[in-house]
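This report refers to the structure that appears directly beneath it.
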Protein chains: 2
Amino acid sequence: MLSKKTKYALHALTYLGKHKDQKTVLIQEIAEEHGISHKFLENILLELKKAGMLGSKKGKGGGYYLIKEPKDIPLSKVIRLLDGPIAMLPCVSLNYYEPCDECKNEAVCGINRVMIQVRDETLKILENKSLEDILKEE
Amino acid sequence: MLSKKTKYALHALTYLGKHKDQKTVLIQEIAEEHGISHKFLENILLELKKAGMLGSKKGKGGGYYLIKEPKDIPLSKVIRLLDGPIAMLPCVSLNYYEPCDECKNEAVCGINRVMIQVRDETLKILENKSLEDILKEE
DNA sequence: ACAAACCCTATTTAATTTATAGGGTTTGTT
DNA sequence: AACAAACCCTATAAATTAAATAGGGTTTGT
């Protein structure tokens with residue numbers, strides 16, 4: 001299941017997507033809309049900004065705004081950023097690889113092989129769904 | 001990522017699948033093979049048994065054995081049993097549904113809609129991969 | 001009778017996630 | 001130039017969940 005961080009991120013991105021005619025949107029506004037703690041959401045928006053999905057403006061009248069087209073923000077990117085690996089096992093993760101400690105020999109592990117297939121097929125899904133798909137449904 | 005419980009379950013099932021010529025296999029044997037605590041694994045095998053995937057024999061000379069054909073043990077079943085929902089959000093889970101508490105109106109939530117699609121496609125994958133696929137790779 | 005091996009429930013420990021705290025920096029307005 | 005609004009950053013605490021341990025109970029072959 002997605003962490004709250006990722007869920008909040010998706011809600012925030014959706015909100016920003018729906019208000020992209022405005023120059024900026026306040027953290028407070030998004031937080032209130034979804035009942036999220038201001039400070040917690042702030043950390044999340046910061047991460048999204050560092051990852052290049054959002055821009056922000058400081059000072060009075062500032063706020064956040066989408067810096068990319070919704071179609072260029074795939075779910076895979078958001079999930080990886082806030083939740084980490086998409087793969088089901090560390091030993092098949094493309095971005096966060098680590099050996100599994102209960103696995104004696106990865107080279108001959110059937111679980112590993114099957115999970116690589118699962119990962120590839122799952123990635124196809126998550127790379128093809130974007131913020132745009134969410135916005136189209138609202 | 002899969003929990004250790006699920007990983008251990010998959011390793012145990014694989015081990016049992018590779019030894020299905022024997023009548024029974026000891027917990028201890030599987031535990032040692034993969035460096036798992038005997039007691040922790042015991043709990044997991046119990047769950048697999050209650051779910052109808054394994055049989056067991058008590059007393060001296062007893063142990064566990066596969067009660068189903070490997071092709072009839074889909075990954076989706078193992079994951080759901082030990083890890084819970086496959087869906088990414090509680091509000092789109094088929095087996096463990098719960099409303100999302102940060103969602104104001106599920107009926108008009110684009111995230112919900114898209115995650116239903118993701119769930120359906122993910123399920124296709126996990127229902128079509130079975131223990132047999134793992135065994136074929138070893 | 002005895003010991004091997006599964007069966008069951010409860011508790012403890014460790015890890016991770018979620019949330020809070022507290023100040024720092026930038027910038028528009030007066 | 002002062003002030004306040006609003007983003008920026010790091011560290012710590014609280015809550016939740018996952019992982020492991022504990023301790024005995026029951027069955028069964030020899």
Side-chain angles (χ1 to χ4, degrees), chain A residues 1-9 11-12 16 22-32 34-51 53-67 79 81-85 88-90 96 98 100-102, chain B residues 1-9 11-12 16 22-32 34-67 79 81-85 88 90 96 98 100-102:
Chain A
M1 302 275 269
L2 297 180
S3 69
K4 289 205 170 185
K5 262 191 171 172
T6 301
K7 288 202 271 179
Y8 292 163
H11 280 292
L16 289 170
Q22 309 177 209
K23 281 208 189 75
T24 63
V25 174
L26 298 183
I27 294 177
Q28 193 54 39
E29 191 180 330
I30 304 173
E32 276 173 9
H34 292 97
I36 309 171
S37 137
H38 176 117
K39 281 293 199 176
F40 195 41
L41 182 59
E42 194 172 6
N43 288 333
I44 294 165
L45 294 179
L46 248 302
E47 284 197 70
L48 291 171
K49 187 195 162 165
K50 283 183 195 162
M53 295 181 222
L54 300 183
S56 67
K57 196 166 180 321
K58 283 185 186 176
K60 200 169 180 179
Y64 283 95
Y65 50 91
L66 272 187
I67 208 176
I79 294 173
L81 181 67
L82 284 313
D83 261 12
M88 288 193 160
L89 299 177
Y96 299 85
E98 273 185 63
C100 285
D101 34 62
E102 71 282 358
Chain B
M1 303 275 270
L2 297 179
S3 68
K4 289 205 170 185
K5 262 191 172 173
T6 301
K7 288 203 269 180
Y8 292 163
H11 280 292
L16 288 170
Q22 307 176 211
K23 281 208 188 76
T24 63
V25 175
L26 298 182
I27 293 178
Q28 193 54 39
E29 190 180 331
I30 305 174
E32 276 172 11
H34 292 97
I36 310 171
S37 136
H38 175 116
K39 280 292 198 177
F40 195 39
L41 182 58
E42 194 172 5
N43 287 334
I44 294 165
L45 294 179
L46 249 302
E47 284 197 70
L48 291 171
K49 186 195 162 165
K50 283 183 195 161
M53 295 183 222
L54 299 183
S56 66
K57 195 166 180 321
K58 283 185 187 175
K60 200 170 181 180
Y64 283 95
Y65 51 91
L66 272 186
I67 209 177
I79 293 173
L81 182 67
L82 284 312
D83 260 14
M88 288 192 160
Y96 299 84
E98 272 184 62
C100 285
D101 35 61
E102 71 282 358

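Chain letters run A, B, ... following the sequence lines, proteins first, then strands; residues in each count from 1. The figures here come from the full heavy-atom set of this structure, side chains too, leaving out hydrogens, waters and symmetry mates. Quick caveat, the model's predicted, so the values are computed rather than measured.
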In whole angstroms, the gap separating P of D:dA19 from CG of B:Leu2 amounts to 10 Å
Sort out the partner of C:dT18 for me: Watson-Crick or G-U wobble, both distances under 3.5 Å, none otherwise. D:dA13
With a non-hydrogen cut-off below 4.0 angstrom, is B:Glu42 in contact with a base, only sugar-phosphate, or nothing? base
With heavy atoms under 4.0 Å as the rule, sort A:Leu45 into base, sugar-phosphate or nothing. nothing
Just to confirm, is there a sub-4.0 Å distance from OP1 or OP2 of D:dA6 to any side-chain nitrogen or oxygen of A:Tyr65? no
Check every atom of D:dT21, C:dC7, C:dA5 against the side chain of B:Lys49 and return the nucleotide holding the closest atom. C:dC7
Nearest whole Å is fine: how far is D:dT27 P from B:Leu46 CG? 14 Å
B:Lys60 vs A:Lys4, nearer the 5' end of DNA chain C by closest nucleotide: B:Lys60
Report the residue (A:Lys58 or A:Tyr8) whose heavy-atom-nearest nucleotide on DNA chain C is the more 5′ of the two. A:Tyr8
Are side-chain heavy atoms of A:His34 and A:Leu41 found at a separation under 4.5 Å? no
Measure CZ/B:Phe40 against P/C:dC8 and give the value in whole Å, please. 18 Å
SB check B:Asp101 A:Lys4 (cutoff 4.0 Å): yes
For A:Leu26 and C:dG28, what is the distance between atoms CG and C1' respectively, to the nearest whole Å? 14 Å
Which base, if any, makes a Watson-Crick or G-U wobble pair with C:dT13, both distances under 3.5 Å? D:dA18
Taking only N and O in the side chain of B:Ser56, is any of them less than 4.0 Å away from OP1 or OP2 of C:dC7? yes
If only side-chain N and O atoms of A:Ser3 are considered, is one of them under 4.0 Å from the OP1 or OP2 phosphate oxygen of C:dT16? no
Across the strands shown, which category fits A:Lys39 at heavy-atom distances under 4.0 angstrom: base, sugar-phosphate, nothing? base
Atom NZ of A:Lys50 and atom C1' of D:dC7: how far apart are they, to the nearest Å? 12 Å
Side-chain heavy atoms of A:His11 within contact of B:Glu102, under 4.5 Å: yes
Would you say D:dG29 has OP1 or OP2 under 4.0 Å from some side-chain N or O of B:Lys57? yes
Atom pair CE (A:Met53) and CG (A:Leu45), whose distance is rounded to the nearest 0.5 Å: 11.5 Å
Beyond-backbone contact of B:Leu2 with B:Leu82, side-chain heavy atoms, under 4.5 angstrom: no
How many Å lie between NZ on A:Lys23 and P on C:dG28, as a whole number? 12 Å
If the condition is ring-ring contact (aromatic ring centres under 6.0 Å, His included), which residues does A:Phe40 pass it with, not counting sequence neighbours? A:Tyr8
D:dA19 OP1/OP2 closer than 4.0 Å to side-chain N/O of B:Ser37: no
Value in whole Å for how far the P atom of C:dA19 lies from NE2 of A:His38: 15 Å
If we call it a pair only when both distances are under 3.5 Å in a Watson-Crick or G-U wobble match, what pairs with D:dG29? C:dC2
Rounded distance in Å - CD (B:Glu102) to P (C:dT18): 10 Å
